[in-house]
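See structure below.
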Amino acid sequence: MSDDNLVSAYVDDAERDAEASVRPKRLDEFIAQHRVRDQLDLLLQGAMRRGSPPDHILLSGPPGLGKPVSVEALVLLENGSRRRLGDIEVGDRVITRTGAGAAVLAVHEQGELESVRIRTTSGRDVVAAPDHPFWTTEGWTKAGDLTDRDFVANVLCPELVADTVQDVAEYKLAGYLIGDGCTTNQVTFTGGDEDVLADFRSVCDRIGHGHVTRPNSARSSMIRISGLQPWLAEHGLLGKNAWQKRVPDFVFEGDALQVSAFLGAYFACDGTVSRRGRDRYDVVVEFYSVARGLLEDVQHLLLRLGVQSRLKLKRGRYQGRPHESWRLSVTSQDDVARFAQRVTVIGERGRRLAEWMPRRDRFDERLAADRVASVEAVGLQECRCLTVDGDHTFTVNDFVVHNTTLANIVAAELGTGIRVTSGPAIERSGDLAAILTSLAEGDVLFIDEIHRIAKPAEELLYSAMEDFRVDVVVGKGPGATAIPLDVEPFTLVGATTRSGLLTGPMRDRFGFVAHLDFYAPADLETLLHRSARILGVPITAEGAAEVAGRSRGTPRIANRLLRRVRDYAEVRADGVVTLETARAALAVYDVDALGLDRLDRAVLTALVDSFRGGPVGLSTLAVAVGEQPDTVEEVCEPFLVRAGLLARTPRGRVATEAAWRHLGRTPPNGTFGTDAPPGPDLFSVQTDQP
């Protein structure tokens, strides 16, 4: 299947909004968690009648609440600029999956987390926590679950609101100087194409800078420009050699015409147009540079014009020495056609591009597919995440990711503000004091992974929770002074996946403790009917029950399976999700009756067939299925243990009787988890010998 066919999976606006629509935003939208919903409703209603903040709330549930990305990732803003995720603030407007802008509602500090680096075939990469969802052709997929068979999404032609005062000529000037300019000593531009040289002189005339042209060699001329140093210094171009050049910040804030002018000028210097094969009308457009960072910037700008490209390292020799440079290649004929239509190139390269330009253009989609090349662990990385209004997505390093889905329901019900942070981000008591003193009356403070809060900050939180005051210590030693500060009445909502790690004093100060359980099949059926209405998919009660039974008690999995069953129903059936259609579709996607996928069954099959049911060590089992031990332990085992198919024992992993029967095998006598009497052994054999 080609990349172009995969891209078409993004074009349905209803499906884009479905993922955000199915998430509850108010208590009455909860489909399950009935006990917690009723208890929380009583708590909030009572508090609102009394006109006081509710008691502090502790939410405990399965892992997977936080979805952070490295703070070094670049987020695309609505004005076209890109900013480190670590520098994003509440109120900033970021580009979402739809290509439109949306406001950042909250910023979540996650601290240092175990992370993975995702690289794609286009040369892009990003670091994120394994739980962070990326938008793929199969829907939302966690970073740790991505493989080289997945395609992640890049946003094409975002709806930017240009905010720049620079003239188009300045964009062309920047492109020319980055390509063939010298800014280290005297400011000069060197070239051999007379049309390009003439255009460069006209750009200087328009901006008002004098210039002198002199011969440089038999085939080239050099133009010296006067009075340009202040402009170069302002935009970070002064004194930069070929390895240090980057696209100036103002270029990112330009509109499509201005970005096109920059790319056209730069391509006229450091670009090539070629054909691959005499008998094939196959045109390749390439930029080249020794600076990878420069071509990464250009790759992003091309994406804004709807052009996908691939960054590659090229090794060779220059003047008898080993030499490395980078190539940014546009090879798809649809991308080449869009480049030729959107970017005006002066000179011989422009004439060649116009002559060879492919006569087709199929770019109607908002997103482009970028195939995953590798996913590798990179250890602890400082991470962060956002809550974004509307589409609940944003872009980092050109990839579409999901924002965090931490509970904002309490704040929505009370009609108050919410401040969101996380335990790992609060390292000192002063950090927490600054947050607490900035809260308005009735605000909600949400602390994710509250069990990881620093001990000094936790002790400061005690007085804030009980007396709405904090004592800030100023100075050190005998001269230290405690300054009491009042805190506006607030409600603390703490979330944790490991409530056992909370200290007793902290746990006792919560007036309401709720445990969020996995969803029952009946609740998932109701959820699937609602999601089907949003997606416009006809579904029968039997079809919903079949999908719900294979969803592992998790709404996210249920919605993902529903979309895949919908595809099957529309392509190979009559469009209605029935019992038979659901079974046939899920068989295609290797999801069995219990919700086990290929890897789950591989683990059980290895246990039963290769190790006679166990016990077997984790590392040995992982080698048997060709996966990493942490993948087996963290991805497969939690559900297999919860489903009663696998047991962890001091001697290793053991397949239960249910696992044998699920695989269609007859369990041997004495299998773990069976009630059958064990067979005789050395110590139970009765003999007639005295």
Side-chain angles (χ1 to χ4, degrees), residues 74-83 88 92-104 154-179 199-200 202-204 206-208 231-232 234-237 245-269 271 285 287 294-309 328 330 334-346 350 353 361 363-368 390-391 394-398 400:
L74 295 178
V75 179
L76 177 59
L77 274 65
E78 188 179 44
N79 67 356
S81 64
R82 294 195 296 174
R83 191 184 304 167
I88 295 293
D92 288 335
R93 293 188 62 83
V94 298
I95 292 297
T96 70
R97 175 178 49 171
T98 65
V104 174
N154 304 142
V155 175
L156 292 175
C157 305
E159 299 173 10
L160 302 176
V161 180
D163 184 20
T164 180
V165 297
Q166 274 76 20
D167 188 272
V168 172
E170 294 186 61
Y171 288 82
K172 297 185 74 172
L173 179 62
Y176 281 133
L177 291 178
I178 286 176
D199 189 60
F200 181 83
S202 69
V203 167
C204 293
R206 179 167 179 173
I207 298 177
W231 184 88
L232 293 170
E234 178 186 357
H235 299 299
L237 294 174
K245 290 180 179 179
R246 296 292 296 265
V247 173
D249 289 341
F250 77 86
V251 175
F252 293 105
E253 300 176 12
D255 57 25
L257 177 63
Q258 293 165 328
V259 169
S260 172
F262 169 83
L263 291 174
Y266 178 49
F267 185 79
C269 301
V285 169
F287 291 84
L294 172 59
L295 292 189
E296 286 177 343
D297 293 343
V298 173
Q299 186 180 42
H300 169 74
L301 293 175
L302 286 173
L303 205 62
R304 294 193 187 180
L305 302 182
V307 178
Q308 181 67 290
S309 56
L328 186 63
V330 181
D334 294 315
D335 287 317
V336 172
R338 175 56 60 89
F339 180 87
Q341 292 170 354
R342 291 291 182 91
V343 179
T344 301
V345 182
I346 302 297
L353 182 62
D361 184 0
F363 282 94
D364 296 326
E365 298 86 356
R366 280 285 187 183
L367 304 177
D391 188 57
F394 59 106
T395 61
V396 291
N397 293 6
D398 293 332
V400 177

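Everything numeric in this text was worked out from a predicted model, so none of it was measured.
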Which heavy atom in [X] sits nearest to a heavy atom in [Y], and how many Å separate them?
X      : Y      : value
Pro248 : Ala174 : CG-CB, 4.2 Å
Ala261 : Val168 : CB-CG1, 3.7 Å
Gly254 : Arg304 : O-NH1, 4.3 Å
Phe200 : Leu173 : CE1-CD1, 3.7 Å
Glu296 : Arg82  : O-NH2, 4.5 Å
Glu170 : His235 : OE1-NE2, 4.3 Å

Could you tell me if the side chain of [Y] sits less than 4.5 Å from the side chain of [X], heavy atoms only?
X      : Y      : value
Val251 : Tyr171 : yes
Gln308 : Leu303 : yes
Trp231 : Leu177 : yes
Thr395 : Asn154 : no
Cys157 : Arg338 : yes
Ile178 : Leu294 : yes
Gln258 : Phe250 : no
Val298 : Leu263 : yes

Practice task
Start with the C-alpha gap between Leu301 and Phe252, add the side-chain angles, then the distance that decides, and say whether side-chain contact (heavy atoms from CB on, under 4.5 Å) holds.
Solution key: CA-CA 7 Å; Leu301 293 175; Phe252 293 105; 3.8 Å; yes

Separation of [Y] [atom2] from [X] [atom1] (nearest 0.5 Å):
X      : Y      : atom1 : atom2 : value
Lys245 : Leu295 : NZ    : CG    : 12.5 Å
Asp335 : Leu302 : CG    : CG    : 9.0 Å
Arg93  : Ile88  : CZ    : CD1   : 13.0 Å

For [X], which residues count as a side chain to side chain contact (heavy atoms under 4.5 Å, CB included) partner, sequence neighbours excluded?
X      : answer
Ser81  : Leu77, Asn79, Glu253
Ala268 : Tyr176, Val196, Val345
Ala169 : Asp167, Val203, Arg206, Ile207

Practice task
Applying salt bridge (Lys or Arg N to Asp or Glu O under 4.0 Å), name anything that partners Asp92, two or more places apart in sequence or on another chain.
Solution key: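 If we apply the salt bridge (Lys or Arg N to Asp or Glu O under 4.0 Å) test to Asp92, skipping adjacent residues, the hits are Arg83.
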
Problem - By ring-ring contact (aromatic ring centres under 6.0 Å, His included) - contacts of Phe287 (at least two apart) - result: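 Result, ring-ring contact (aromatic ring centres under 6.0 Å, His included) vs Phe287: Tyr266, Phe267.
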
Exercise for the section: Carefully, step by step, assess Val343 and Leu305 under the rule side-chain contact (heavy atoms from CB on, under 4.5 Å). Expected result: CA-CA 9 Å; Val343 179; Leu305 302 182; 3.8 Å; yes

Handout entry: Any residue meeting side-chain hydrogen bond (donor to acceptor under 3.5 Å, both in side chains) with Gln299, in chain and number order, not counting sequence neighbours
Key =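 Partners of Gln299 under the side-chain hydrogen bond (donor to acceptor under 3.5 Å, both in side chains) test: none.
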
Exercise for the section: Could you walk me through whether Ile95 and Leu160 pass side-chain contact (heavy atoms from CB on, under 4.5 Å), step by step? Expected result: CA-CA 8 Å; Ile95 292 297; Leu160 302 176; 3.8 Å; yes

